[in-house]
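Note sheet for the following structure.
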Protein chains: 2
Amino acid sequence: MQIKELALATGVDVETIRYYEKQGLMPAPARRDNGYRDYAVAHLERLSFIRHCRALDMPLGDVNRLLGFVDKPDRNCGDVDLLVDDQLARVRARLKSMRALEKQLLRLRARCLGSHEGAHCGILEELVSAAHGESCACHPG
Amino acid sequence: MQIKELALATGVDVETIRYYEKQGLMPAPARRDNGYRDYAVAHLERLSFIRHCRALDMPLGDVNRLLGFVDKPDRNCGDVDLLVDDQLARVRARLKSMRALEKQLLRLRARCLGSHEGAHCGILEELVSAAHGESCACHPG
DNA sequence: TAGAAACCTTGGAGCCGCTACAGTGTCAAA
DNA sequence: TTTGACACTGTAGCGGCTCCAAGGTTTCTA
């Protein structure tokens with residue numbers, strides 16, 4: 001399988017596949033006489049695994065560690081759930097701050113009363129007032 | 001005001017302040033005889049403004065555009081609310097995908113039944129099965 | 001048989017928003 | 001006088017790609 005076929009089969013960009021190889025996530029494939037990469041089914045599966053983990057927003061370092069467990073299934077894999085827990089915690093922390101962010105933006109947005117002259121723009125006033133340390137709709141309290 | 005005083009007053013790292021100057025977000029301050037930067041109150045306000053926008057997760061490019069409106073308040077600022085709307089849309093899109101992500105991770109986590117032998121690890125099985133295109137707890141349907 | 005188009009290779013730079021150096025200079029207190 | 005804290009510039013690194021240049025190979029079409 002040439003690199004483009006692998007790319008099409010997995011939906012992963014050709015450059016990204018080469019990047020994964022350089023980063024040590026994908027094993028170097030066999031080469032044809034002309035130097036072209038020649039992938040086997042195992043590569044396709046490994047790439048799918050990587051993309052699945054990435055869809056879960058796991059850092060490539062974590063993906064690499066998971067691949068280590070996959071490669072040596074005899075090894076005790078007690079860290080696998082820790083790794084998933086960590087990822088879950090990261091996602092939840094991010095969710096929390098994003099929700100707060102949404103609220104702040106909504107309030108800021110509500111300050112726009114239709115006047116679009118800079119001197120009377122509620123949004124700009126709001127943002128500038130923050131610079132004066134006044135209480136603002138975005139960061140109340 | 002020396003750079004460290006500005007940093008303390010705003011909670012912004014010294015290196016970050018210099019970075020903002022290099023990026024054209026902060027105007028170059030006066031220099032003392034020894035070459036040290038000498039900031040005025042206007043710099044403090046501008047830096048607060050920038051950090052407030054960054055707290056709303058706006059890209060620096062957008063912050064720069066807002067600063068343009070602040071600098072020239074006569075200019076019609078109809079784009080300001082568009083800019084905020086864009087940011088809100090970005091945040092909401094991200095929220096949506098993060099919520100989905102949390103669900104997927106929770107389901108994946110539930111696959112861990114206490115067995116930590118790699119060969120029988122529910123989480124690894126799940127992730128590997130995805131590589132085979134089987135339906136998986138993470139990406140159902 | 002020529003040439004164009006589509007593929008492949010490598011290496012390096014660019015993106016964002018910092019952060020962390022290295023190497024050097026300046027200043028104030030003990 | 002020496003120590004320590006500050007300042008300066010310039011460059012490199014982070015993650016996870018993405019894009020580009022400059023070249024080689026293969027396949028299709030005229």
Side-chain angles (χ1 to χ4, degrees), chain A residues 1-26 28-39 43 46-67 83 86-87 90-91 94 97-98 101, chain B residues 1-26 28-39 43 46-67 83 86-87 90-91 94 97-98 101:
Chain A
M1 201 183 344
Q2 285 197 180
I3 197 167
K4 176 133 206 207
E5 295 172 74
L6 180 59
L8 286 175
T10 54
V12 180
D13 194 275
V14 165
E15 307 262 24
T16 304
I17 295 173
R18 284 195 279 251
Y19 171 75
Y20 286 161
E21 183 181 330
K22 210 182 295 180
Q23 298 307 113
L25 287 135
M26 287 285 285
R31 298 282 181 147
R32 298 192 185 159
D33 290 348
N34 57 15
Y36 288 13
R37 288 173 178 81
D38 195 4
Y39 291 99
H43 290 95
R46 197 175 182 93
L47 184 53
S48 299
F49 181 94
I50 295 170
R51 291 309 282 189
H52 193 71
C53 294
R54 288 292 301 132
L56 296 173
D57 217 19
M58 288 184 193
L60 288 183
D62 282 6
V63 178
N64 223 350
R65 285 203 281 153
L66 283 179
L67 284 169
L83 204 145
D86 280 357
Q87 180 60 12
R90 273 196 297 270
V91 165
R94 184 86 183 125
S97 76
M98 298 280 296
L101 190 47
Chain B
M1 203 183 343
Q2 284 198 182
I3 196 166
K4 177 134 204 205
E5 296 171 73
L6 180 60
L8 286 175
T10 55
V12 179
D13 194 275
V14 164
E15 308 261 25
T16 305
I17 295 172
R18 283 196 278 253
Y19 171 75
Y20 286 162
E21 184 182 329
K22 209 182 296 179
Q23 297 308 114
L25 286 135
M26 286 286 284
R31 296 283 181 144
R32 298 191 184 160
D33 289 348
N34 56 17
Y36 288 15
R37 288 174 178 81
D38 194 5
Y39 291 100
H43 290 96
R46 196 176 182 93
L47 183 54
S48 299
F49 182 95
I50 295 170
R51 291 309 282 191
H52 193 71
C53 294
R54 288 292 301 133
L56 296 172
D57 217 20
M58 289 183 192
L60 288 183
D62 283 6
V63 179
N64 224 350
R65 285 203 282 153
L66 283 179
L67 285 168
L83 204 145
D86 280 357
Q87 180 60 14
R90 273 196 297 270
V91 166
R94 185 85 182 127
S97 76
M98 299 278 300
L101 189 48

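Within every chain, numbering begins at 1; the chains are lettered A, B, ... in the order of the sequence lines, protein sequences first and strands thereafter.
Within the 4.5 Å cutoff, the side chain of A:L67 has heavy atoms near those of the A:I50 side chain. Between A:E21 and A:P29, some side-chain heavy-atom pair lies under the 4.5 Å cut-off. B:V63 has its side chain out of reach of B:Y20: every pair of non-hydrogen atoms, C-beta onward, lies at least 4.5 Å apart.
Residue contacts for A:R31: at a heavy-atom cut-off of 4.0 Å it reaches the sugar-phosphate backbone alone, with no base atom in range. At a threshold of 4.0 angstrom between heavy atoms, the contacts of A:Q23 with the nucleic acid are absent.
Note: A:Q2 CD to A:R32 CZ = 4.5 Å, rounded to the nearest 0.5 Å. Separating the CZ atom in A:R54 from the CG atom in A:L25 is a distance of 10.0 Å, to the nearest 0.5 Å. Note: B:I17 CD1 to B:R51 CZ = 9.0 Å, rounded to the nearest 0.5 Å. In this structure, B:R37 CZ and B:E5 CD are separated by 14.5 Å, a value rounded to the nearest 0.5 Å.
What separates CZ of A:R32 from C1' of D:dG24 is a distance of 15 Å, to the nearest Å. Between the CG atom of B:L6 and the C1' atom of D:dC8 there is a distance of 16 Å, rounded to whole Å. As a whole-Å value, the separation of B:I50 CD1 from C:dC16 P is 16 Å. The OH-C1' distance, from A:Y36 to D:dT27, rounds to 10 Å in whole Å. For the pair B:D33 CG and C:dT26 P, the computed distance is 12 Å after rounding to whole Å. Atom CG of B:D38 is separated from atom P of D:dA7 by 12 Å (rounded to the nearest Å). Taking atom OH on B:Y39 and atom C1' on D:dC8, their separation rounds to 11 Å, with Å as the unit. As rounded to whole Å, 15 Å separates atom C1' of D:dA5 from atom CD1 of B:I3.
The phosphate of D:dA7 (OP1 or OP2) has no side-chain N or O of B:R37 nearer than 4.0 angstrom. Taking 4.0 angstrom as the limit, A:N34 places a side-chain polar atom (N or O) nearer than this to OP1 or OP2 of D:dT26.
Non-hydrogen atoms lying under 4.0 Å from DNA chain C are contributed by B:E15, B:T16, B:Y19, B:Y20, all within residues 7-22 of chain B.
Taking the side chain of B:L60 as heavy atoms from C-beta on, and the options C:dC18, D:dC6, C:dC8, the nearest nucleotide is C:dC18.
In the helix from C:dT1-D:dA30 to C:dA30-D:dT1, the rotation axis of the first five pairs and that of the last five pairs differ in direction by 20°, rounded to 10 degrees.
Between A:Q87 and A:M58, the shortest heavy-atom distance links the atoms NE2-N, 3.7 Å.
The closest donor-acceptor contact from the side chain of B:D38 to the backbone of B:R31 lies at 3.5 Å or more, if one exists at all.
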